[in-house]
Enquirer: 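Next up is a structure, given as structure tokens.
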Amino acid sequence: MKQKIKIYNTLSGKKETFVPIIQGHVGIYTCGPTVYREIHLGNCRTFIFFDLIVRYFKYLGYKVRYVRNITDVGHLEDEGEDKISKRARLERLEPMEITQKYTLDFHHILSVLNTLPPNIEPIATGHILEQIELIVKLIDKGLAYEVNGSVYFDLKSYIQRYDYGILSHRNIEDLIANTRNLKAQNEKRYTLDFALWKKASPKHLMSWNSPWGKGFPGWHLECTAMSTKYLGNVFDIHGGGIDLKFPHHECELAQALGISEKNPVRYWIHVNLLTIKDKKMSKSSGHLILPSELFTGEKSFSANLIRFFMLQSHYRSVFDFSIQSLLSAEKGFHRLMKYFTTLKRLIAEKNRGLSTFDVKDWIQRCYDAMNDDFNSPKLISHLFEAGNLIESFVKGKEFLDIYDIQLLHRNMRNFLTEVLGVNIPSDLTVNHKLIDLLLEIRKLVRKEKKWDISDRIRNELFHLGYSLIDNEDGSTCLNPNF
RNA sequence: GGCACUGUGGCCGAAUGGCUAGGCAAAGGUCUGCAAAACCUUUUAUAGCGGUUCGAUCCCGCUCUGUGCCUCCA
């Protein structure tokens, strides 16, 4: 691999050069959604980011195995009812109907956002046996204990052998001092112990047989079961939202380390939050925006644009969502697309001479941006730089040899579509002759200064998705609305 | 309360021990039936106070601010 990628690893708190376990291969696991309602834009940010890195690894020629789970077991809320059951009751559906419905919704949204599907998408309820096996192993190793049909992770025993808190960088004394008292706590030997298996009450619909009676798996266990099953006891990258860092990922790490005696993950990547008005977006609080609200509505935005917009901020920064910044991204995006369209036209021209711009150096700067902890905003700024270059070329302020034009075009296209995953709107898909006829008519009526007719043609075409622009020389160009 | 992270121009957002991306917006101008666009030119920034350094926005300390995690969360 020619490009050396640096990744900020939560485990070490530093940027580290990425070295895969098996050369040329990379295994990535990310925590997928709990499918009890629609995913919101904050969720989308995380999935779009991991799509970016999967795409980049692929672009560099890595063989990627990307595993992203679906959590379809509801985890308990304070009232003792889990989220999926609660939603099922509210929507008057079976729990399985709820998970099916929102799994489909999740797939739909992610596909509209042009994310590549994972190579494996395991489902929590499809891995109950694996989870039970892990619990048995933990009990055998003295790292878990059963109480009244529930099984808990034995943290006191764990910390005699390993450090707890290495991922989220907390020390155990602080954790003890600040742990809340919850109802289930009286069953636990130690306040920080967490559930691996919970006994189900008779009315609990989603439950399975186990050596400890009917119950359901604990929150953290499914990810350990599914990640290690498909990626091995030690794999390259584990990711998720920053809000999963503690306790979820910390517990996952403890479980896996306890079972295999190996640190399970080489690089932990956490995506920062998407906020609105500087407050975290979250499903449970209801403070959120759904992607569908942006796709439809009075002023709608394309999924393409939303993707571009999200990638304009670095994944480790908090990103505050606002319509205003989305609008400014939209303008910039249109301009960039216009530059690219111009560039496409230039490929046909056979210029010979000495280029005044170092395209190869520009390409390497694009790679460098991505290599530096997946800095997509910086990559985008380079794309704009290329856009400005194209303008300067057209005006004769810069010169590019035909080979450089082709090189620039190929790389700009690839970085946009293959790496950033942004679709470039294709050329006109309508009947050219019909359009030409309309333009011809419009030209005639304009000569006669029948502005109402000419404006009507322009407006109608705009609603059909095309922008008419009258040029200074009397010609008119037609572009798709990006 | 504990532990983290953050603070860059009017807005969004990069980067960096010395020459500081990009986008949007703003102002003036060119063009124009109108519209939109485009183009040219221009302006504005590193929360505060100390310290290290020849030099800090970048490193260190303190203060203030905001946010996150500590409970389900991407």
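Everything numeric here is computed off the predicted structure, so don't read it as measured data. Per chain, numbering begins at 1; letters A, B, ... match sequence-line order.
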Enquirer: Watson-Crick or G-U wobble partner for B:A4, using a 3.5 Å limit on both distances?
Expert: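 With both distances under 3.5 Å, B:A4 matches B:U67.
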Enquirer: Please work out if A:Phe308 contacts a base, only the sugar-phosphate, or nothing of the nucleic acid, heavy-atom cut-off 4.0 Å.
Expert: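 The residue A:Phe308 makes no contact with any strand.
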Enquirer: Quick one: label A:Phe49 by what it contacts on the DNA or RNA (base, sugar-phosphate, nothing), any heavy atom closer than 4.0 Å.
Expert: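 No contact.
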Enquirer: Please tell me which of the listed nucleotides, B:C69, B:A74, B:G22, lies nearest to the side chain of A:Thr46?
Expert: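 Within the option list, the nearest is B:A74.
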Enquirer: Within the structure shown, what part of the strands sits under 4.0 Å from A:Gly240 by heavy-atom distance: base, sugar-phosphate, or nothing?
Expert: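 A:Gly240: backbone/sugar contact only, no base atoms under 4.0 Å.
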Enquirer: Starting at atom NE2 of A:His248, determine the distance to atom P of B:C70, rounded to an integer number of angstrom.
Expert: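 Going from A:His248 (NE2) to B:C70 (P), I get 13 Å.
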Enquirer: A:Lys378 side chain: which of B:G22, B:A14, B:C24 is closest?
Expert: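 Within the option list, the nearest is B:A14.
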Enquirer: At less than 4.0 Å, is any side-chain N or O atom of A:Arg316 found next to OP1 or OP2 of B:U6? Yes or no.
Expert: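 No, no such contact exists.
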Enquirer: Is there a side-chain contact between A:Phe50 and A:Thr115 in this structure, where contact means two heavy atoms from C-beta onward sitting under 4.5 Å apart?
Expert: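 No - every pair of side-chain heavy atoms lies 4.5 Å or more apart.
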Enquirer: Please tell me which of the listed nucleotides, B:A14, B:C72, B:G33, lies nearest to the side chain of A:Arg458?
Expert: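 Nearest listed nucleotide: B:G33.
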Enquirer: Measuring centre to centre across the rings, with the benzene-like ring taken for any Trp, is A:Phe393 within less than 6.0 Å of A:Phe357?
Expert: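 Ring-ring flag for A:Phe393/A:Phe357: false, centres at least 6.0 Å apart.
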Enquirer: Considering only side-chain heavy atoms of A:Glu391, which listed nucleotide, B:C12, B:C39, B:C70, is closest?
Expert: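 Selected nucleotide: B:C39.
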Enquirer: Over all strands shown, is A:Ser322 touching base, sugar-phosphate only, or nothing at heavy-atom distances under 4.0 angstrom?
Expert: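 A:Ser322: no heavy atom of the nucleic acid under 4.0 Å.
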Enquirer: Provide the Watson-Crick or G-U wobble partner of B:U57, both distances under 3.5 Å; none if there is no partner.
Expert: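 Its partner is none (no Watson-Crick or G-U wobble pair with both distances under 3.5 Å).
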Enquirer: Using a 5.5 Å cut-off between ring centres and planes within 30 degrees, is A:Trp451 stacked on the base of B:G33?
Expert: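 Here the ring of A:Trp451 and the base of B:G33 are stacked, with centres under 5.5 Å and planes under 30°.
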Enquirer: Do you know which two heavy atoms are closest between A:Arg68 and A:Leu110, and how far apart they sit?
Expert: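 Looks like NH1-CD1, 3.3 Å.
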Enquirer: Would you kindly compare A:Asn272 and A:Lys245 by the position of their nearest RNA chain B nucleotide and give the one closer to the 5′ end?
Expert: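 Counting from the 5' end, the first nearest nucleotide belongs to A:Lys245.
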Enquirer: Remember a base hit wins even if backbone is also touched, and classify A:Asp455 as base, sugar-phosphate or nothing at under 4.0 Å, heavy atoms.
Expert: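 Result for A:Asp455 = base.
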Enquirer: Taking the side chain of A:Cys31 as its heavy atoms from C-beta onward, which of B:A74, B:A38, B:G13 lies nearest to it?
Expert: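 Nearest to the side chain of A:Cys31 among the choices is B:A74.
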Enquirer: CG of A:Leu326 versus P of B:C11: gap in Å, rounded?
Expert: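 Roughly 19 Å, once rounded to whole Å.
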Enquirer: Please measure how far the C1' atom in B:G9 lies from the corresponding atom in B:C69, and state the result in whole Å.
Expert: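 Pairwise C1' distance, B:G9 against B:C69, rounds to 32 Å.
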Enquirer: Got a donor-acceptor contact below 3.5 angstrom from the A:Arg65 side chain to the A:Asn119 backbone?
Expert: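 Not confirmed, A:Arg65 side chain does not pair with A:Asn119 backbone.
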Enquirer: With no hydrogens and no angle check, do the side chains of A:Asp72 and A:Tyr102 hold a donor and an acceptor under 3.5 Å apart?
Expert: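 Absent: no donor and acceptor within the cut-off.
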Enquirer: State the pairing partner of B:A38; accept Watson-Crick or G-U wobble contacts with both distances under 3.5 Å, and report none otherwise.
Expert: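 Base-paired to B:U30.
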Enquirer: Does the structure show a Watson-Crick or G-U wobble partner for B:U20, both distances under 3.5 Å? Name it, or say none.
Expert: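 In the structure as shown, B:U20 has no Watson-Crick or wobble partner.
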Enquirer: Expressed in angstrom and rounded to an integer, what is the separation of A:Leu383 atom CG from B:G22 atom P?
Expert: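 Going from A:Leu383 (CG) to B:G22 (P), I get 13 Å.
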Enquirer: Please report the closest heavy-atom contact between A:Leu52 and A:Val419, naming both atoms and the distance.
Expert: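 The answer is CD1-O, 3.4 Å.
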Enquirer: Given the C1' atoms of B:G33 and B:C40, what is the spacing between them in whole Å?
Expert: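 The same atom, C1', in both gives a distance of 24 Å.
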Enquirer: Using the rule salt bridge (charged side-chain N to carboxylate O under 4.0 Å, His left out), only one of A:Arg316, A:Lys4, A:Arg365, A:Lys15 pairs with A:Asp372; which is it?
Expert: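 Of all the options given, the one that passes is A:Lys15.
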Enquirer: So which nucleotide from B:C70, B:G22, B:A74 ends up closest to the side chain of A:Phe384?
Expert: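 Nearest to the side chain of A:Phe384 among the choices is B:G22.
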Enquirer: NA contact type, A:Leu244, heavy-atom cut-off 4.0 Å: base, sugar-phosphate, or nothing?
Expert: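 A:Leu244: backbone/sugar contact only, no base atoms under 4.0 Å.
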Enquirer: Determine the interatomic distance between C1' on B:U63 and the same-named atom on B:C24; round to the nearest Å.
Expert: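 One C1' to the other, the span is 34 Å.
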Enquirer: C1' atom, B:C59 versus B:C70: distance in rounded Å?
Expert: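 It works out to 30 Å between them.
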Enquirer: With a 4.0 Å cut-off on heavy atoms, is A:Lys449 in touch with a base, just the backbone sugar-phosphate, or nothing at all?
Expert: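 Nothing, no nucleic acid heavy atom in range.
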Enquirer: Does A:Lys279 place a side-chain N or O at less than 4.0 Å from the phosphate oxygens OP1/OP2 of B:U67?
Expert: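 Checking B:U67 against A:Lys279, a side-chain N or O does come within under 4.0 Å of OP1 or OP2.
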Enquirer: Of A:His169 and A:Glu385, whose nearest nucleotide on RNA chain B comes first from the 5' end?
Expert: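 So the residue in question is A:His169.
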Enquirer: Measuring only the C1' atom in each nucleotide, how far is B:A47 from B:G7? A whole number of Å is fine.
Expert: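 Going atom to atom, C1' in each nucleotide, I get 6 Å.
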Enquirer: Using a cut-off of less than 4.0 Å, is there contact between a side-chain N or O of A:Asn375 and OP1 or OP2 of B:A15?
Expert: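 Yes, such a contact exists.
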Enquirer: Hey, does A:Ser282 reach any base, or is it just sugar-phosphate, or nothing, if we go heavy atoms under 4.0 Å?
Expert: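 Base contact - A:Ser282 has a heavy atom under 4.0 Å of at least one base atom.
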Enquirer: Rounding to a whole Å, what distance do you find between A:Asp368:CG and B:A15:P?
Expert: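 Rounding to the nearest Å, CG of A:Asp368 and P of B:A15 are 13 Å apart.
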Enquirer: Where the side chain of A:Ser454 is defined as all heavy atoms beyond and including C-beta, which of B:A21, B:G2, B:G33 is the nearest nucleotide?
Expert: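 Between B:A21, B:G2, B:G33, the one nearest the side chain of A:Ser454 would be B:G33.
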Enquirer: Look at the side chain of A:Ser381 and decide which nucleotide, out of B:G22, B:A74, B:G13, has an atom nearest to it.
Expert: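 Nearest to the side chain of A:Ser381 among the choices is B:G22.
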Enquirer: Could you please spell out the steps behind the side-chain hydrogen bond (donor to acceptor under 3.5 Å, both in side chains) verdict for A:Asp51 and A:Tyr66?
Expert: CA-CA 9 Å; A:Asp51 187 58; A:Tyr66 178 31; over 6 Å; no
Enquirer: For A:Ile28, does its backbone N or O pair with a side-chain atom of A:Asp236 as donor and acceptor, under 3.5 Å?
Expert: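 Looks like no, no N/O pair under 3.5 Å.
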Enquirer: Provide, to the nearest angstrom, the distance between the NZ atom belonging to A:Lys14 and the P atom belonging to B:C5.
Expert: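 Rounded to the whole Å, the gap is 14 Å.
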Enquirer: Can you tell me if the side-chain N/O atoms of A:Tyr339 get under 4.0 Å from OP1 or OP2 in B:C39?
Expert: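 Result: yes.
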Enquirer: Output the rounded distance in Å from CD1 (A:Ile176) to P (B:G2).
Expert: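 My rounded result for the distance is 17 Å.
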Enquirer: Rounding to the closest angstrom, what is the interatomic distance between B:U46 and B:A14 at atom C1'?
Expert: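 So the two C1' atoms sit 13 Å from each other.
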Enquirer: Could you tell me how far apart A:Asp373 (CG) and B:U16 (P) are, to the nearest whole angstrom?
Expert: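 About 11 Å, once rounded to whole Å.
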Enquirer: So what does A:Arg45 touch, heavy atoms closer than 4.0 Å: a base, only the sugar-phosphate, or nothing?
Expert: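 Touches nothing.
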Enquirer: What does A:His40 touch in the nucleic acid at a heavy-atom separation under 4.0 angstrom: a base, only the sugar-phosphate, or nothing?
Expert: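 Base contact.
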Enquirer: Between B:G48 and B:U57, how far apart are the P atoms? Round to whole Å, please.
Expert: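 Roughly 10 Å separates the two P atoms.
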Enquirer: Measure from the side-chain heavy atoms of A:Arg170 and tell me the nearest of B:C69, B:G33, B:C3.
Expert: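 That would be B:C69.
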Enquirer: What interatomic distance, in whole Å, is found between P of B:U52 and the corresponding atom of B:C60?
Expert: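 One P to the other, the span is 15 Å.
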Enquirer: Rounded to whole angstrom units, what separation is found between the NZ atom of A:Lys331 and the P atom of B:A36?
Expert: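 Distance check: A:Lys331 NZ to B:A36 P gives 10 Å.
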Enquirer: Could you check whether A:Asp278 gets within reach of a base, just the sugar-phosphate, or nothing at all, counting any heavy atom under 4.0 Å?
Expert: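 Here A:Asp278 touches the backbone only, sparing every base.
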Enquirer: Looking at A:Tyr230 versus A:His127, is the centre-to-centre ring distance below 6.0 Å?
Expert: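 Under 6.0 Å, so yes.
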Enquirer: So A:Leu274, base contact, sugar-phosphate only, or nothing? Heavy-atom distance under 4.0 Å.
Expert: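 Base, at least one base atom sits under 4.0 Å.
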Enquirer: Does B:G23 have its OP1 or OP2 closer than 4.0 Å to a side-chain nitrogen or oxygen of A:Asn388?
Expert: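 It does, given that an N or O in the side chain of A:Asn388 lies less than 4.0 Å from OP1 or OP2 of B:G23.
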Enquirer: Checking only heavy atoms, does the side chain of A:Lys83 share a donor-acceptor pair with the base of B:C72 at less than 3.5 Å?
Expert: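 Yes.
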Enquirer: Does OP1 or OP2 of B:U67 have a side-chain N or O of A:Lys280 closer than 4.0 Å?
Expert: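 The answer is no; no side-chain N or O of A:Lys280 sits under 4.0 Å from OP1 or OP2.
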